[in-house]
Amino acid sequence: MDETVAEFIKRLFLKIPMTEMMTILKAWDFLSESQLQTVNFRQRKEPLVQELVLLCEEKCASLNDAALLDIIYTQVHRHQKLWDVFKMNKGPVLTGEDIDLFDIEQFKSSFTKILRKALKNVTVSFRDAEENAVWIRIAWGTHHTKPNQYKATYVVYYPQTPYVFMSLSRLKRNTPLLDQALMIASKHHQIVKMDLRSRYLDSLKAIVFKQYNQVFETHDSAAPLQETSLWLHTNMDLRVIHENKVEKERVQRVTQETFGDCPQPRLEFAQYKLETKFKSNLNGGILADREEPLRCLIKFSSPHLLEALKSLAPAGIADAPLSPLLTCIPNKGMNYFKIKDK
Amino acid sequence: GILAHLERLETQMNRSHKRFEGPQRTQAEESTLGTRIHKLRLLRDKLRAEVKQRQAEIEASAASTEPDQTLETSEQEVLETKLENLKALLQAYHFTGLSGKLTSRGVSVCIHTAFDGNLLDSYIVDLVIEKPLWIHHHSVPVFIPLEEIAAKYLQTDVQHFLFSLCEHLNGYAGRKYQADRLQSDFAAFLAGPLQRNSLCNVLSFTYKVELGGQSFLFCARLLYKDLTVTLPTDVTVTHRGTDALSTSWEEQRVSHENLFRTTSLHKAFTSFAGGEKLNMSL
């Protein structure tokens with residue numbers, strides 16, 4: 001086994017938390033049951049990793065096997081990466097030719113060929129995932145240098161849909177080549193970056209495929225939906241009288257109509273780039289009455305932005321209904337906005 | 001009925017005559033029974049008259065071209081018939097797998113898919129009735145071209161939108177069912193995994209065929225270029241091997257191609273397994 005491969009595998013094992021070691025090894029399915037049984041998983045990490053690397057050497061692990069282990073680790077720890085969303089278009093459609101006869105093997109070989117043709121040194125690996133998604137790992141090299149296995153790019157593609165998710169790569173110069181390979185292999189004409197970015201890949205997927213808010217009114221039972229009330233608890237202290245009960249109920253209703261009843265997809269921020277004229281209630285001030293637009297950047301951050309926005313009106317911090325600029329985030333599939341005066 | 005009752009009373013009277021009862025008592029009984037008979041006869045005549053009148057009314061309304069009845073009752077009847085027709089229509093749609101329910105903002109449509117007598121998955125689309133009409137959320141799989149279908153029909157013809165979506169979902173469900181059945185029930189025939197894509201509209205597999213002691217490997221590739229169909233639009237069956245096929249094997253290959261084109265996958269393989277000859281003359 002190559003020394004670089006051994007080192008790479010060793011570093012991968014060191015990254016994996018002890019609690020996940022067994023599950024990841026089983027998912028990798030490279031070391032056999034009998035081999036794993038000979039290992040003492042109760043020892044400290046360093047000696048355990050050394051043992052595992054020796055076993056991999058015995059079985060002559062290749063770079064591709066190591067790359068597969070890297071994919072599995074990344075799939076489990078997908079929120080360690082920041083993901084961008086891209087949408088591909090098919091371009092002008094000729095009648096009779098618009099049906100997507102997607103063949104996964106053709107896609108994989110076409111994609112790999114295009115990259116290999118352009119860059120002699122590149123490692124491409126694939127792993128199928130849930131819901132027919134395919135995870136692609138690309139380690140980039142140049143004509144003269146070997147691929148850098150520690151800075152791989154990840155692409156998650158859902159075949160027969162226009163959407164691709166990519167982990168942000170620091171090696172920006174390879175982006176055009178990657179885009180081209182994706183387009184040609186999947187038979188699309190154009191790839192456009194959406195203004196949507198987050199660590200939570202599953203939330204991005206839910207937003208883009210409109211899979212959040214999945215509780216539907218049941219079609220079989222005639223029973224009315226349970227009323228869930230955030231603030232109007234009926235078992236509260238009877239000495240407390242809600243003076244503005246009507247208003248509270250209205251806010252409740254409006255919030256439920258806008259956000260729905262279900263957990264919101266998870267985003268960490270929303271960014272608004274404003275290029276609008278400054279408007280102020282106060283008269284005067286040096287910023288008022290200027291012709292040029294005021295350029296500013298507003299960033300909302302939160303561990304769970306959409307849930308936070310949902311609780312603003314019921315908490316009394318904002319008026320209901322909220323600004324459509326805030327509530328349109330999941331519907332429009334955007335969390336980066338550029339706003340100009342009309 | 002009444003006449004039988006009267007008969008009974010008459011016989012009773014006759015019997016009581018035969019008994020040794022005082023003429024007075026008999027007379028009193030007679031008179032009470034007589035009045036009773038009289039009342040019953042009146043009732044009978046009244047009912048007969050009513051029946052005759054109703055019959056006459058029905059005949060009259062059926063024969064007449066002018067509305068003799070008052071305007072209110074005819075309108076009500078028209079509405080009632082319309083309602084009955086609508087209810088019957090909705091019930092009929094229900095059998096095709098489409099059902100709808102009003103929501104606070106619009107309508108929630110549920111599409112039940114089925115294939116070959118089996119009820120398969122259901123999918124929901126929540127529509128918000130505003131101008132323009134829009135889809136609030138849905139449970140349609142991501143690879144079904146919902147956006148395309150909505151772009152074509154949602155604003156102009158909702159019925160067409162629903163039917164088109166229904167066709168796509170039923171087509172997908174049927175193809176998926178066949179692929180799943182092939183993988184689960186006929187794994188023994190396959191030499192290698194079944195290759196399929198999300199829409200199940202490209203299926204490739206290699207399978208073993210035995211004929212008269214010899215066995216060959218055939219590769220089949222089924223393309224479904226129309227997303228609403230459950231039978232392939234293109235079928236190619238090739239022989240895996242270097243030597244050319246004898247005429248009998250070539251006939252087999254062609255017959256398999258035709259079989260896959262005309263029968264669902266699992267039925268085709270059932271025929272391979274059972275050795276039954278499917279009627280292919282169409």
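Every chain is numbered from 1 and lettered A, B, ... according to where its sequence line falls, protein lines coming before strand lines.
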> Within a strict 4.5 Å, meaning less than it, do heavy atoms of the A:I104 and B:Q195 side chains meet?
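Heavy-atom side-chain distance check fails, nothing below 4.5 Å.
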
> Above 12 or not: heavy atoms from other molecules or residues under 6.0 Å from NZ of B:K208?
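Yes, enclosed.
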
> Measure B:V142 against the heavy atoms of chain A and call it side chain, backbone, both or neither at under 4.5 Å.
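Answer is both: backbone and side chain atoms of B:V142 are under 4.5 Å from chain A.
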
> Do the side chains of B:N201 and A:Q160 get nearer than 4.5 Å, heavy atoms only?
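Contact flag for A:Q160/B:N201 side chains = yes.
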
> Using a cut-off of 6.0 Å, state whether more than 12 heavy atoms not belonging to B:E147 lie near its atom CD.
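Result for CD/B:E147: open.
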
> Between atom CD of A:Q211 and atom NE2 of B:H137, what is the distance when rounded to the nearest 0.5 Å?
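Reported value, rounded in 0.5 Å steps: 12.0 Å.
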
> Measuring from A:Q106:CD to B:N197:CG, what's the distance to the nearest 0.5 Å?
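Result: 10.5 Å between the selected atoms.
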
> Once rounded to the nearest 0.5 Å, what's the spacing between atom CG of A:L101 and atom CG of B:L227?
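That separation rounds to 8.5 Å.
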
> Count the heavy atoms belonging to other residues, nucleotides or ligands that lie under 6.0 Å from NZ of A:K332, then report whether that count exceeds 12.
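It does not: A:K332 NZ has 12 such atoms or fewer within range.
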
> Could you tell me the separation between the CG atom of A:N132 and the CG atom of B:L199, rounded to the nearest 0.5 Å?
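Spacing of CG (A:N132) from CG (B:L199) equals 9.0 Å.
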
> At their closest point, which heavy atom of A:P159 faces which heavy atom of B:S198, and how far apart are they?
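So the minimum-distance heavy-atom pair works out to O-OG, 3.5 Å.
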
> Could you give me the CA-CA distance, side-chain angles and deciding distance for A:E105 and B:R221, then say whether salt bridge (charged side-chain N to carboxylate O under 4.0 Å, His left out) is met?
CA-CA 13 Å; A:E105 300 304 319; B:R221 193 171 162 85; over 6 Å; no

> Output all residues satisfying side chain to side chain donor-acceptor pair (under 3.5 Å) with B:W249, sequence neighbours left out; order by chain, then residue number.
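Once residues adjacent in sequence are excluded, the partners of B:W249 under the side chain to side chain donor-acceptor pair (under 3.5 Å) criterion are B:Q214.
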
> Run the ring pair (Phe, Tyr, Trp, His ring centres under 6.0 Å) test against B:Y172 and tell me which residues pass, sequence neighbours left out.
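Scan of B:Y172 (ring pair (Phe, Tyr, Trp, His ring centres under 6.0 Å), adjacent residues dropped) gives B:F143.
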
> Taking atom NE2 of B:H136 and atom CG of A:N331, what is their separation to the nearest 0.5 Å?
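If we round to the nearest 0.5 Å, B:H136:NE2 and A:N331:CG are 7.5 Å apart.
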
> Heavy-atom count check: over 12 atoms from other residues, nucleotides or ligands less than 6.0 Å from A:D319 CG?
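Not buried by this count: 12 neighbours or fewer within 6.0 Å.
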
